[in-house]
Amino acid sequence: MPEPELTLELPDGSELSLDQGATGADAAAAIGAGLARAALAVKVDGELRDLGSPLRGGAKFEVVTKDSPEALDLVRHDAAHVLAEAVLELWPKAKISIGPPISDGFYYDIEFPDGEAPGPDDLAPIEEAMAAHIKADEPFERRELPAAEASELFRAQDQDYKVELIDDLVSDEGTETVSLYRNGEFEDLCRGPHGPSTGRIGAFKLTSLAGAYWRGDENRQMLTRVYGTAFHSKQDLKEHLRRIEEAKTRDHRRLGPELDLFSFREESPGMPFWLPNGTTLLRLIEGEVRQQLRSRGYAEIKTPQVLDEELWHRSGHWDNYRENMYFVEAAERESGGERRRFALKPMNCPGACLVYSSGRHSYRELPLRMAEFGLVSRYEREGVLHGLLRVRAFTQDDAHVYCTLEQVTDEVDSICEAIDELYARFGFDDVRVELSTRPEKSIGTDEEWERAEGSLREALERQGREFDLSPGEGTFYGPKIDFHITDALGRSWQCGTCQLDFQMPERFELSYTGADNADHRPVMLHRALLGSMERFAGILIEHHAGRFPLWLAPVQAIVLPVADRHNDYARRVAAELEAAGARSRVDERSESVGRKIRDAELSRAPFMLVVGDNEEGEGAVSVRSHEEGDLGAVPVAEFARSIAERVA
RNA sequence: GCCCGCCUAGCUCAACUGGCAGAGCACUUCACUUGUAAUGAAGAGGUUCCCGGUUCGAGUCCGGGGGCGGGCUCCA
């Protein structure tokens, strides 16, 4: 009688028969010795498992090697365990909490004894201890324990966070047994899976330290988070570190001052000062948005910066947004004897509603579209500010559309189209769309929210767009559609937004006269195409690494006189370029040509125009391109024309 | 707000354990008049982020404040 067998289905569709009780490692060995050596884990019916886990018949089976997409997370999770192992060796009294793999590395949150928290210099000794455990090639060994027993085990070691984790698993999920993984002397509570041994961690590095609240709750203990990253090979790690360096050289906070675009000052944290070059960039971006406004029937308005506090009570911002608002008071008492209190607008919508309600409206005017480049001020907690990407004052390319519920779908269509066109103009082609629904803190009835969410969803579905759903991420006054772009480094940024609002028209008692000569309530769409103009500028700076395409470059051409006697001619060239619509300036310093070229290159101007005796004699410029180097002499008029053509 | 680190000339950074605050770049002046990535010389430039303390003496040590940077669930 043959032994009973179990049969697995392999990725190529073939079948593999094994003895009962075979493990993942056995299966890998049966396929091939090389594969067995390369195996890190296995996938059974799509679920990642240890090599040592027993198999069941009929399952889809796959061996995970370092070429598998899941392998990196596995190795990083292994590295997190080794990190905890090393830390406990160096700080036996440390308490460990959780240590997951993350998108480009791993971390472990640890409570160090009072006064013993590591500084940046302490990372090297931890790395050394980790390297020793990796060299020792300690196998990962799994065992399962009843939850109560595991809880007792960790309690005996004073590992309070592990005890809390187990107790929560029992009470929240009814867990009865938990798994533990051991490597060397160290044993951690862990769901797994893990690779076969620590020696399979190809290359790792600890990258930084940070504070992190236990379970992300700011009322709880602050732990020390040790960040690291791990790869299969030293080359991969090196490449990763190189990419981080590359991102640093593109950092807009560094390029901004370097290219004279903007600067930050202590006198106004989180609020940028825009220099002439940066202001030019903002105007160019604004020009693109205005084109969308013109072609899509938007009128432009401008509303005040400072509005009576009462308005914000009416709008609901007082109850829902107060902690993010700035309040101001006049120096003098007004005639009533009171100092009137005002708020700096954190959003443009209440002002826009006042514009709407300052006249009567007919159904024939709808949809009524009003845009505003509105400067909004929002108090952001210190510590979250980040260059242009997280600020306390910024300009929204905002607009509000007043229409009927039936018109919403068409309006959303038009907004999506505008976003596609605008983003494409800036070179962003893949747009990710996200629909966010009712958050906990919100105003309005269930029925209104249902209708609002329904009509946005309908618009997206009608366009046949793919979108992600973010439950509970809507604004307090309505659901929204967000638009995300991906930059040259593969990072995703939320820019555009389209929000449906039944509340504001209600609160401001907005109305229009219908065909039936009765008053009706319009619905309101809030939308921004780029979101924050300044933030978008920051994204563009990093996307292009400061080397803007010709049409966006604040200075498109720098004219470089060879000697002082050519300055007059250089100025005439610049004037001719300006007349043709090109932005240029002249470097009139008494410096060598080499020097002027170097400085012009560093400023990343797309073109440098060298003018000396030869050029002046022929009415020409010698063109040097930032991208292509020396291009030779051309007549000034011809160069001016070619710039105009390339920008159009 | 909280954890860790940082703050010295406009910028980038020096100044051993507490002992006269420095360099390069930028700036100003002068000379050079330059042909595709840094011409030379001289000069000027400081409350060492702010307030307080320790000390004969503080950029340095201690306390408080400000600003900047990395972070603050991608859940065993």
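Owing to the predicted nature of the structure, the values given are computational and were not obtained by experimental measurement. Just so we're on the same page: letters track the sequence lines, and every chain starts at 1.
- Aromatic rings of A:F106 and A:H77 (six-membered ring for Trp) have centroids beyond the 6.0 Å cut-off, not under it.
- A:H543 is linked by a side-chain contact (heavy atoms from CB on, under 4.5 Å) to A:F428, A:D487, A:A488, counting only residues two or more places apart in sequence or in another chain.
- Using a 4.0 Å heavy-atom distance criterion, A:K596 is classed as making no nucleic acid contact.
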Using a cutoff of under 3.5 Å, can you pull out all pairs of nitrogen or oxygen atoms linking the protein to nucleotides 30-32 of chain B, with atom names and distances?
none

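- Classified by interplanar angle (parallel below 30°, tilted 30° to 60°, perpendicular above 60°), the ring pair A:F231/A:H240 is tilted.
- For an aromatic pair to be called close, the ring centres must be under 6.0 Å apart, and A:F483 with A:W493 fails this.
- Atom CD of A:Q221 and atom P of B:rC75 are 22 Å apart (whole Å).
- Listed pair A:S592 / B:rU39 meets the phosphate criterion, a side-chain N or O lying under 4.0 Å from OP1 or OP2.
- Among the protein residues, A:G612 comes within range of the nucleic acid bases, having at least one heavy atom under 4.0 Å from a base atom.
- Looking at A:D613 and A:Y569, their side chains never bring a donor and an acceptor atom within 3.5 Å of each other.
- Across all strands, A:S622 comes closer than 4.0 Å to base atoms (heavy-atom distances).
- Between the side chains of A:T229 and A:D104, no donor-acceptor pair is found at a separation under 3.5 Å.
- Regarding A:R225, its CZ atom lies at a distance of 7 Å from the C1' atom of B:rC72, rounded to whole Å.
- Among the atoms of the strands shown, base atoms are found under 4.0 Å from some heavy atom of A:E591.
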Pairs: protein N or O with nucleotides 65-70 of chain B N or O, under 3.5 Å:
| residue | atom | partner | partner atom | Å |
| --- | --- | --- | --- | --- |
| B:rG69 | O3' | A:R253 | NH1 | 3.1 |
| B:rG70 | OP1 | A:R253 | NH1 | 2.9 |
| B:rG70 | OP1 | A:R253 | NH2 | 2.8 |
| B:rG70 | OP2 | A:R253 | NH1 | 3.2 |
| B:rG70 | OP2 | A:H386 | ND1 | 3.4 |

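- For A:R381, no side-chain nitrogen or oxygen approaches OP1 or OP2 of B:rC72 to under 4.0 Å.
- Outside the 6.0 Å centre-distance limit, the rings of A:F186 and A:Y181 are not counted as a close aromatic pair.
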Identify all pairs in which a protein N or O lies below 3.5 Å from an N or O of nucleotides 42-45 of chain B, and state each distance.
none

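- One atom, CD of A:E616, and another, P of B:rG35, lie 16 Å apart when rounded to the nearest Å.
- For the pair A:D613 CG and B:rU33 P, the interatomic distance rounds to 14 Å; values are reported in whole Å.
- Atom-to-atom, NZ of A:K95 to P of B:rC3 comes out at 19 Å; the value is rounded to the nearest Å.
- Taking atom P in both B:rG18 and B:rU60, one finds a spacing of 12 Å when rounded to whole Å.
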For every nucleotide of nucleotides 8-14 of chain B, 5' to 3': is a protein heavy atom under 4.0 Å from its base (B), only from its sugar-phosphate (S), or from neither (-)?
-> -------
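- Using a 4.0 Å heavy-atom cutoff across all strands shown, A:V593 reaches sugar-phosphate atoms only and no base atom.
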With both pairing distances under 3.5 angstrom for Watson-Crick or G-U wobble, and | for a partner in another strand, the correct string for RNA chain B is (((((((..((((.....[..)))).(((((.......))))).....(((((..]....))))))))))))....
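- Going from atom CG of A:L189 over to atom P of B:rC75 covers 16 Å, rounded to whole Å.
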